[in-house]
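Quick caveat: nothing in here was measured; it's all calculated off a predicted structure.
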Amino acid sequence: MSDPSPKGARVLVTVVVCIALAGAAGGAIYWIFASEPTAQSEGATRKTAALVETIVAERGTYRPRLEVLGRVDAARDIVLSPRVRGQVLAIESALLPGGRVTEGQALLRIDPADFQRALTARQGEMKQVEAELEIEKGYQIAARQEFELLGEEIDSANKSLILREPQIDSVQARLQSAKAAVEQAQLDLERATVVAPFDAQVLSRSVNVGSQVAPGDPLARLVGIDEYWILASVPLRDLRWLRFPDGEATGSKVIVRHTTAWPKGAIREASLSRLIGTVDQETRLARVLVTVPDPLGRETDGPPLILGTIVQLEIEGRPLEDVVRIEREHLRQDDTVWVMIEDALEIREVEVVFRDAEHAFLSSGVEAGEHIVTTNLATVTEGLALRRQADGVEDSK
């Protein structure tokens with residue numbers, strides 16, 4: 001049997017060497033990992049406190065503000081009508097839509113000719129009756145003299161006839177009727193000129209020169225400009241905080257805003273007038289009446305109100321005593337407030353007595369001097385570690 005070739009021996013030696021090197025490398029790696037020191041836990045893991053901003057709770061007396069919407073209406077709105085029949089002869093230039101008129105100002109004139117003739121006729125009739133009365137009084141004087149010459153005693157009924165007292169009474173009654181007819185004719189003549197019943201703005205006009213009008217026909221629509229009304233609806237639960245006029249006490253102060261028609265920041269002041277006493281059938285809200293003096297800004301610099309528009313109202317409520325006021329956004333879910341106590345978070349349930357557009361008013365749950373957390377936190381748990389930030393600088397605690 002022949003010996004193995006030198007080439008085969010070399011291959012075998014190479015394989016053995018590779019296996020030995022691989023084993024040595026694996027053993028070295030195992031020794032390195034096995035000999036590495038193990039980190040040991042020493043005490044509790046240190047937690048990082050959340051950085052928050054806080055405000056100090058203060059108890060006091062505040063006036064809440066209730067924000068609602070209202071519709072502007074006229075306090076006095078009439079359709080002007082004539083009280084006599086006739087043809088329109090003249091119309092004043094102010095009697096146009098948008099025109100303003102003053103109380104007693106002549107607006108329209110109806111042909112007065114017929115009324116003048118009627119007045120003249122009634123005056124003539126009255127003078128005639130006055131003359132008859134004077135004649136009858138002369139007859140009475142003569143009758144009295146004759147009766148006294150006779151010197152006879154007669155009963156009172158016959159004496160009244162002899163002295164013509166029934167005739168005198170009849171003529172006097174006719175005279176009173178004649179005077180009333182004159183007064184009526186005078187009134188008809190005066191009513192031929194239609195005047196403004198109060199300071200007003202003209203919304204529309206229904207006649208022109210030459211129109212034939214009769215009592216009750218519409219001439220123009222006028223609205224008073226001394227005062228406007230605003231009809232608003234408020235939640236029933238908020239009525240107890242509103243103050244209505246009572247004797248000398250005035251109603252709640254109201255701020256009126258119209259963001260569309262008025263310049264930025266423009267407001268009008270008004271007052272709460274009365275509770276209407278019915279609820280809106282659609283919204284089930286209570287209806288209240290707000291009065292605005294000088295609505296067109298004739299005597300003030302306020303912007304004019306426009307009838308029929310929707311305006312924003314801010315009604316000042318009754319004072320809330322001994323409450324904490326916070327921003328609405330700081331009132332958390334389920335009427336809770338986050339309070340920082342000894343660098344830890346405490347979740348408090350609070351009693352909210354009133355909410356307006358910006359604030360919530362708390363009667364209990366937070367005491368004066370406590371720090372209310374205003375920062376929004378991603379994770380909220382009772383006892384969460386906190387550190388306070390003051391004026392943008394972290395506390396050193």
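For Thr54 against Thr374, the heavy-atom pair with the smallest separation is N-OG1, 4.1 Å. Minimum interatomic distance between Ser204 and Pro97 (heavy atoms only, all atoms of both residues): CA-CG, 4.2 Å. Closest of all the heavy-atom pairs between Glu103 and Asp199 is N-OD1, 2.8 Å. In this structure, Val72 and Tyr228 approach most closely via the heavy-atom pair CG1-CD2, 3.8 Å. Of all the heavy atoms in Pro82 and Asp217, the pair that sits closest is CD-O, 3.1 Å. Annotation for Val79 and Pro218: closest pair CG1-CB, 3.7 Å, computed over non-hydrogen atoms.
Counting heavy atoms from C-beta outward, Arg205 and Leu96 have side chains that approach closer than 4.5 Å. Proximity of Thr291 to Trp229: side-chain heavy atoms (C-beta onward) are separated by under 4.5 Å at one or more points. Taking 4.5 Å as the limit, every side-chain heavy atom of Gln312 sits out of range of all side-chain heavy atoms of Glu67. Between Ile110 and Gln87 the shortest side-chain heavy-atom distance does not fall below 4.5 Å. Counting heavy atoms from C-beta outward, Arg100 and Leu296 have side chains that approach closer than 4.5 Å. The shortest side-chain heavy-atom distance between Val323 and Thr61 does not fall under the 4.5 Å cut-off. Side-chain contact between Leu219 and Val194 is present, with heavy atoms from C-beta onward closer than 4.5 Å. Phe354 places a side-chain heavy atom less than 4.5 Å from the side chain of Leu320.
A side chain to side chain contact (heavy atoms under 4.5 Å, CB included) with Leu384 is found for exactly one of Ile347, Leu377, Thr379, namely Leu377. Just one residue in the list Glu132, Gln128, Glu130 forms a side chain to side chain donor-acceptor pair (under 3.5 Å) with Arg174, and that residue is Glu132. Results of the side chain to side chain contact (heavy atoms under 4.5 Å, CB included) test with Leu66 over Leu239, Leu242, Asp356 single out Leu242 as the only residue that passes.
Cluster annotation: Val88 and Leu189 are assigned to the same hydrophobic cluster (Ile/Leu/Val/Met/Phe/Trp/Tyr, side-chain heavy-atom contacts under 4.5 Å, transitive). Hydrophobic clustering (side-chain heavy atoms under 4.5 Å, transitive across Ile, Leu, Val, Met, Phe, Trp, Tyr) groups Val68 together with Val279.
For the pair Arg59 and Asp322, the salt-bridge criterion is met [side-chain N within less than 4.0 Å of a carboxylate O]. Using a 4.0 Å cut-off between charged nitrogen and carboxylate oxygen, Arg221 and Asp77 count as a salt-bridge pair. Using a cut-off of 4.0 Å between Lys/Arg side-chain N and Asp/Glu carboxylate O, Glu314 and Arg257 are scored as salt-bridged. In summary, Arg76 and Glu227 do not engage in a salt bridge, as defined by a charged side-chain N under 4.0 Å from a carboxylate O.
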Quiz item: Is there a side chain to side chain contact (heavy atoms under 4.5 Å, CB included) between Leu222 and Leu203 once you walk through the steps?
Solution: CA-CA 6 Å; Leu222 307 180; Leu203 295 187; over 6 Å; no
Exercise. Take Ile255 and Leu313 through the side chain to side chain contact (heavy atoms under 4.5 Å, CB included) test and state the conclusion after the steps.
Key: CA-CA 6 Å; Ile255 300 298; Leu313 302 179; over 6 Å; no
Quiz item: Where do Arg298 and Asp226 land on the salt bridge (charged side-chain N to carboxylate O under 4.0 Å, His left out) test, with the steps shown first?
Solution: CA-CA 9 Å; Arg298 296 179 299 162; Asp226 292 333; 3.0 Å; yes
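The environment of CD in Glu382 is crowded: more than 12 heavy-atom neighbours from other residues, nucleotides or ligands sit within 6.0 Å. Crowding of Arg332 atom CZ: a count of heavy atoms from other residues, nucleotides or ligands under 6.0 Å exceeding 12.
Residues forming a salt bridge (charged side-chain N to carboxylate O under 4.0 Å, His left out) with Arg122 (at least two apart in sequence, or on another chain): Glu125. In terms of the side-chain hydrogen bond (donor to acceptor under 3.5 Å, both in side chains) criterion, residue partners of Asp73 (sequence neighbours excluded) are, by chain and number, Arg71.
A donor-acceptor contact closer than 3.5 angstrom links the side chains of Asp294 and Thr300.
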